[in-house]
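Here the structure is laid out as structure tokens; the discussion comes afterwards.
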Amino acid sequence: MANPNHEHIRYHLALSLAPKVGPGVFKAIVAYAGSPKAFFEIPKAKAAKIPKVGSKLLEIRKSADELLKKADDLIDQAEKKNFQILNSSHPHFPQRLKTQEDHPVLLFYKGKSNLIFDRTVGIVGTRSATSYGKTATKKIVEDLAIYQPAIISGLAYGIDIEAHRAALHAGLPTIAVMGSPIDQIYPAVHRKTAEQLQETGAILSEYAPGTKMMPGNFPARNRIIAGLSDALIVVEAAAKGGALITAEIAFSYDKDVFAVPGNLQSTFSEGCNHLIKKMKASIYTGPNDIAEALFWSKPGEEETQKPKLDLSDREAGEKAILTLLQENGESEIDQISYATDIPLGLLSSKLLSLEFEGIVKSLPGKSLNYWFSQKKRRYFVLSFRISLG
């Protein structure tokens with residue numbers, strides 16, 4: 001293996017290919033063992049104590065040679081067929097996904113993009129798009145083109161494929177997040193578009209090439225669409241369906257969610273109108289809605305600045321915490337404690353108090369990040385992540 005990263009990737013691949021090891025179990029194993037490779041090497045008695053794993057999954061270790069052989073075959077296949085395999089420590093693994101607790105442990109992608117974009121917009125909707133929905137999708141992408149975002153969607157029939165094609169027409173990169181492996185374009189009739197978008201974007205999947213497509217793959221991939229999108233626009237959606245699942249996930253991720261309002265008599269406007277009614281989405285009326293929410297500026301304009309959080313009425317400890325987060329963006333909680341001279345116990349208490357106010361939000365991980373929440377529109381949210389391990 002010429003690539004020095006292969007040895008690192010092969011153990012990730014081997015563990016992810018094991019039966020009954022989904023993202024949750026994978027992360028539990030790595031959190032306990034330290035790495036996928038270490039799991040295969042630690043004593044059996046210690047491995048049996050791993051939370052969510054137990055003795056029944058120790059069969060994984062018995063088939064280690066077989067799993068590693070499959071991993072090596074996939075790495076060779078990636079070189080021959082020119083696709084990439086990324087784990088979360090790879091520099092091209094999207095930072096946007098790392099902030100989500102349920103992010104995939106591996107990504108398989110093919111294309112000339114490295115998945116790192118300054119701006120992204122997800123566009124989703126019904127597979128049974130009406131002429132209104134198709135026209136609206138084209139118009140949305142055309143209007144957003146001045147801001148040069150990457151367009152994220154799912155390559156499905158209807159609104160998804162219209163979003164990809166509109167992006168290609170507008171000269172924007174577009175990412176197709178698939179519920180099938182990247183060697184199985186689904187639906188097959190979209191193969192030509194999938195090939196075209198790889199010139200400036202990519203096709204992307206968390207499922208290894210050669211694995212069987214399962215119905216549950218498609219709802220699961222919606223979390224990746226939501227995670228990759230700075231803002232999500234639902235163009236048309238029935239009362240139930242994948243687009244609403246994606247919107248709900250994006251809302252839970254504190255993403256800016258927008259919905260295109262539609263005819264009250266149209267079945268495919270029910271979902272959008274419901275999101276607006278329940279205040280889980282803002283009404284999309286034009287590109288300025290996205291630009292204002294995400295503080296985007298047009299080329300040549302001065303960069304829009306986020307207003308500072310008013311700290312004048314805060315007590316000294318809270319002011320120190322919030323000032324540091326606004327200035328640094330991301331810090332580990334022990335670094336916050338060191339920089340502010342606040343003991344960890346007291347710091348946790350203060351963060352919890354700020355969380356109750358809606359100024360900070362607890363997320364998985366261990367870093368603290370300054371960001372803007374669509375749920376608290378026109379307010380700033382400081383999010384912190386504390387590892388429970």
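What you see is a predicted model; the values in this text were computed from it and never measured. Numbers for residues simply follow the sequence, beginning at 1.
- In terms of modelled atom types and a separation under 3.5 Å, the side chain of Ser16 and the main chain of Leu13 share a donor-acceptor contact.
- For the residue pair Tyr253 and Asp102, a side-chain donor N or O sits within less than 3.5 Å of a side-chain acceptor on the partner.
- Phe117 is linked by a ring-ring contact (aromatic ring centres under 6.0 Å, His included) to nothing, counting only residues two or more places apart in sequence or in another chain.
- Defined by atom type and a distance below 3.5 Å, a donor-acceptor pair is present between the side-chain atoms of Asp289 and Thr285.
- A donor-acceptor contact shorter than 3.5 Å is absent between the side chain of Thr211 and the backbone of Tyr207.
- When atom types are taken as modelled, the side chain of Arg127 and the backbone of Ala156 share no donor-acceptor pair closer than 3.5 angstrom.
- Applying the ring-ring contact (aromatic ring centres under 6.0 Å, His included) rule to His169 yields no partners; only residues at least two apart in sequence or on another chain are considered.
- The side chain to side chain donor-acceptor pair (under 3.5 Å) test applied to Thr193 returns Arg165, not counting sequence neighbours.
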Next on the checklist: Let's go through Gln198 and Ile203 carefully: what are the C-alpha distance in whole Å and the side-chain angles of both, what is the deciding distance for side-chain contact (heavy atoms from CB on, under 4.5 Å) to 0.1 Å, and is it a yes or a no?
Outcome noted: CA-CA 7 Å; Gln198 291 174 46; Ile203 56 174; 3.7 Å; yes
Donor-acceptor contacts under 3.5 Å from residues 28-43 side chains, at least two apart:
residue	atom	partner	partner atom	Å
Ser35	OG	Ala38	N	3.0

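- With Lys280 contributing its side chain and Phe251 its backbone, the two residues share no donor-acceptor pair below 3.5 Å.
- Residues forming a side chain to side chain donor-acceptor pair (under 3.5 Å) with Gln265 (at least two apart in sequence, or on another chain): none.
- Annotation: ring pair (Phe, Tyr, Trp, His ring centres under 6.0 Å) contacts involving residues 177-205, sequence neighbours excluded, comprise Tyr157-His190, Tyr186-Phe218.
- Listed by chain and number, the residues in a salt bridge (Lys or Arg N to Asp or Glu O under 4.0 Å) with Glu195 amount to none (sequence neighbours excluded).
- Leu74 and Ala208 make their closest contact through CD1-CB, 3.8 Å (heavy atoms, listed as atom of the first residue, atom of the second, distance).
- The minimum heavy-atom distance linking Ser205 with Pro181 is given by the pair OG-CA, 3.8 Å.
- Qualifying side chain to side chain donor-acceptor pair (under 3.5 Å) partners for Glu318, counting only residues two or more places apart in sequence or in other chains: Arg314.
- For residues 221-237, the salt bridge (Lys or Arg N to Asp or Glu O under 4.0 Å) pairs, not counting sequence neighbours, are Arg96-Asp230, Glu206-Arg223.
- Qualifying side-chain contact (heavy atoms from CB on, under 4.5 Å) partners for Ala231, counting only residues two or more places apart in sequence or in other chains: Asp256, Phe258, Ile290, Leu294.
- For the side chain to side chain donor-acceptor pair (under 3.5 Å) test, residues two or more places apart in sequence or in another chain that qualify with Thr174 are His164.
- Formation of a donor-acceptor pair under 3.5 Å by the Thr323 side chain with backbone atoms of Ala320 is not found in this model.
- Here Phe93 pairs with His103 under the ring-ring contact (aromatic ring centres under 6.0 Å, His included) rule; sequence neighbours left out.
- Judged purely by atom type and a 3.5 angstrom limit, Glu79 has no side-chain atom pairing as donor or acceptor with the backbone of Ile75.
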